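Written out below as structure tokens is the structure these notes cover.
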Amino acid sequence: MSDVTVREAFFDALRERGLTTLFSNPGSTEVPLLVGLPDDHQFVLGLHEAAVVGMATGYALGRGDAALAVLHTTAGLGNAVAALATARFNGAPVVVLVGQQDRRHLAFEPFLTGRLRTLAGEYPVWVDEPARPQDVPAAIVRAAHEAVTHRGPALVIVPMDDWLQPADVERERAAPLHVVRATGTAGVDALADLLAQAERPALIAGSLGEWDALVTLAERIGAHVWQESFSAQAGFPQDHRLFAGHLPADRTRLRDVLDRYDVVVCVGAAAFKQYPYADGRYAAEGLRVAVVTDDPAEAHRAAAELAVLAPPAAVCRELASRLPGREGENAPPPWFAEPLEPGEPLSAGHVLDALQARLPRNAVVVEETPSSRPELHRRLQAVEPLGFVSAAMGGLGFALPAATGLRMALPERPVVAIVGEGSALYTIQTLWSAAEYGVGALFVILQNGGYAVMDRLAERHQGGVPWPQVTHLDVQSLAAGFGCPAQRVADHASLTRVLDEVVPTLAARNEPLLLEVVVEQDRDFAP
Ligand SMILES: Cc1ncc(C[n+]2csc(CCOP(=O)(O)OP(=O)(O)O)c2C)c(N)n1
């Protein structure tokens, strides 16, 4: 934290975004923001909120960019709703700051507390109540991006005590400085400029259905390619010489990776997707970050200087044809784990090594093995689109039904789900459907005796866990009950024997098979 207040950081953000004219009819909840308005900001008083929003709408239409209105809690926002609807129908990008009572006693519903989030109904294109005061400056910039992209009013609700809180000036902001939308060549021009200046560029692949364009770009500019953490799908061939590995999902380890580069472009990927909280920045100051994505929300919240809102593959192709080729070998350090020595007790690593050695290139792998996901990334390479598929929302119960559906859609491709036994139980009845409809997927259940990921995360806290280990569970019998053929494997020789038999049949199978493999828990979990 710093001496700079949220209010000061907010005015800086308004300057940066060209929002220094404030159309308003204010009340007490806006007083801490407005008293002592900096000289380079202009205040325009409207005598009713319909007039305030109407003027901001005209101003936005006239300048062809976002305009700012400041409204007073329920009374102000309520009065403005019809004018906000007009802004929406007229496609006017109006950013609306709505004042709220003081956070410190909101729970008691003091006088003027607003129930604001849904008050304007469906007319806003975006509504935000920043989780922390420190998030307010980014929220207003993001609101401007949302308002322009979606052509309508975007609301940010700010409790009145937020303004005098210390700003967080250390961390990156959750909104890019520039968003370039897919009109003309401006986006490609800006990215080409950035990459032309790079000495050590890296690309980060998101969940891309089409891989060729990114491969062409990476080869052209000799950039390392990382896979975004917690992707829904792989986006780059993991046996490619420029593939550098999977990005870590915490800031501490992410910084170590990003330190190696001077320019990073996230392609269909977030800047940056994280899991456990860690202090500090994503990357040292000075790293230049850009995002190209066709997902507006991913663009608008990116911690980047530039976000290009356009189809990633088309942009990559265009960039590859424009940028000069880079000479020389630039292979990243090896990231793939050496196969484990065979033996017992079996670990997830043994199972993954055995699959890596046997699965054909076109295999579809669906992952839902929380504590062994890092092992899976180190040991099993996705080499074709859909070679790795996972539930990006983090909800368990995806892998068994998704693998079944994938196999129904792609009967010529071998489909393997690798699933923790805890995860499998959320949708175990899928086995009945797979058996009933002759779906030849392979379900590999890693039976490690508990919710290992929860236990690993709990070890970072003091105290014991209230949940038990899951020791008396017989997945093989459950499968039999659903009419799904099943085998249980507990030693290395059986594992390789079964996989030698089954994997060659996967492309042609018309009945599912479940393998319950008893493994020891992975002790180190670093997502
Ligand atoms: C629907 C749902 N409920 C609860 C959770 C929380 N959760 C995350 S991992 C996990 C345990 C998973 O156990 P298992 O599949 O055996 O994998 P392991 O951790 O042992 O690798 C739970 C309960 C979740 N992600 N989704």
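Because the structure is predicted, anything quoted here is derived from the model rather than measured. Every number for a ligand or one of its atoms is a count from 1 in the order of the listing.
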Query raised in the report: Which residue supplies the protein heavy atom nearest to atom 21 (O) of ligand 1, what is that atom called, and how far is it?
Result: S371 OG, 2.6 Å
**Report entry** Salt-bridge criterion met for R103 and E129 (N-O under 4.0 Å)
**Finding:** no
**Report entry** Contact partition for V453 relative to ligand 1, non-hydrogen atoms under 4.0 Å
**Finding:** both
Report summary line: Near G422 (heavy-atom distance under 4.0 Å), the atoms of ligand 1 are 13 (O), 14 (P), 15 (O), 16 (O)
Query raised in the report: Any idea which heavy atoms bring A403 and A417 closest together, and the distance?
Result: CB-CB, 3.8 Å
Report task. Using a strict cut-off of 4.0 Å, indicate which atoms of ligand 1 neighbour a heavy atom of A452. Result -> 18 (P), 19 (O), 20 (O)
Query raised in the report: Under 3.5 Å, is there a donor-acceptor pair between the side chain of D161 and the main chain of D102?
Result: no
Report summary line: Residue, atom and distance of the protein heavy atom nearest atom 25 (N) of ligand 1 read G394 O, 2.9 Å
**Report entry** Check: Y451 N/O within less than 3.5 Å of ligand 1 N/O
**Finding:** no
Query raised in the report: Between F525 and V453, is a side chain to side chain contact (heavy atoms under 4.5 Å, CB included) present by the stated rule, with each step listed?
Result: CA-CA 7 Å; F525 175 66; V453 77; 3.5 Å; yes
Query raised in the report: For ligand 1, is there an N or O atom under 3.5 Å from any N or O atom of G395?
Result: no
Requested in this report: Please confirm whether E368 comes within less than 3.5 Å of ligand 1 when only nitrogen or oxygen atoms on both sides are compared.
Outcome: no
Report task. Kindly indicate whether a cation-pi arrangement holds for R251 with Y282, taking the cut-offs as under 6.0 Å to the six-membered ring centre and within 45° of the axis. Result -> yes
Report task. Give yes or no for whether the N/O distance cutoff of 3.5 Å, strictly under, is met between A424 and ligand 1. Result -> no
Query raised in the report: Who's closest to atom 12 (C) of ligand 1 heavy-atom-wise, of L396, T369, V470, L457?
Result: L396
Report task. Would you check if R88 and H150 make a side-chain contact, meaning some heavy-atom pair closer than 4.5 Å? Result -> no
Query raised in the report: Of the choices A399, A391, S423, which has the non-hydrogen atom that lies closest to atom 15 (O) of ligand 1?
Result: S423
Report summary line: Judged by heavy atoms only, the candidate from L473, V519, N448 nearest atom 20 (O) of ligand 1 is N448
Report task. Verify whether one side chain among T496 and R358 offers a donor that lies under 3.5 Å from an acceptor in the other. Result -> no
Requested in this report: Using the six-membered ring wherever Trp is involved, compare the ring planes of F243 and F236 and label them parallel, tilted or perpendicular (cut-offs 30° and 60°).
Outcome: parallel
Report summary line: min-distance protein heavy atom vs atom 17 (O) of ligand 1 -> P370 CD, 3.4 Å
Requested in this report: On the 0 to 90° scale, with breaks at 30° and 60°, tag the H377-F388 ring pair as parallel, tilted or perpendicular.
Outcome: tilted
Report task. Could you walk me through whether R132 and D135 pass the salt bridge (charged side-chain N to carboxylate O under 4.0 Å, His left out) test, one step at a time? Result -> CA-CA 5 Å; R132 306 180 307 158; D135 296 329; 3.1 Å; yes
**Report entry** Element-labelled atoms of ligand 1 that are located less than 4.0 Å from some non-hydrogen atom of G450
**Finding:** 16 (O), 20 (O)
Report summary line: shortest atom 3 (N) of ligand 1-to-protein heavy-atom contact is with Y426 OH, 3.3 Å
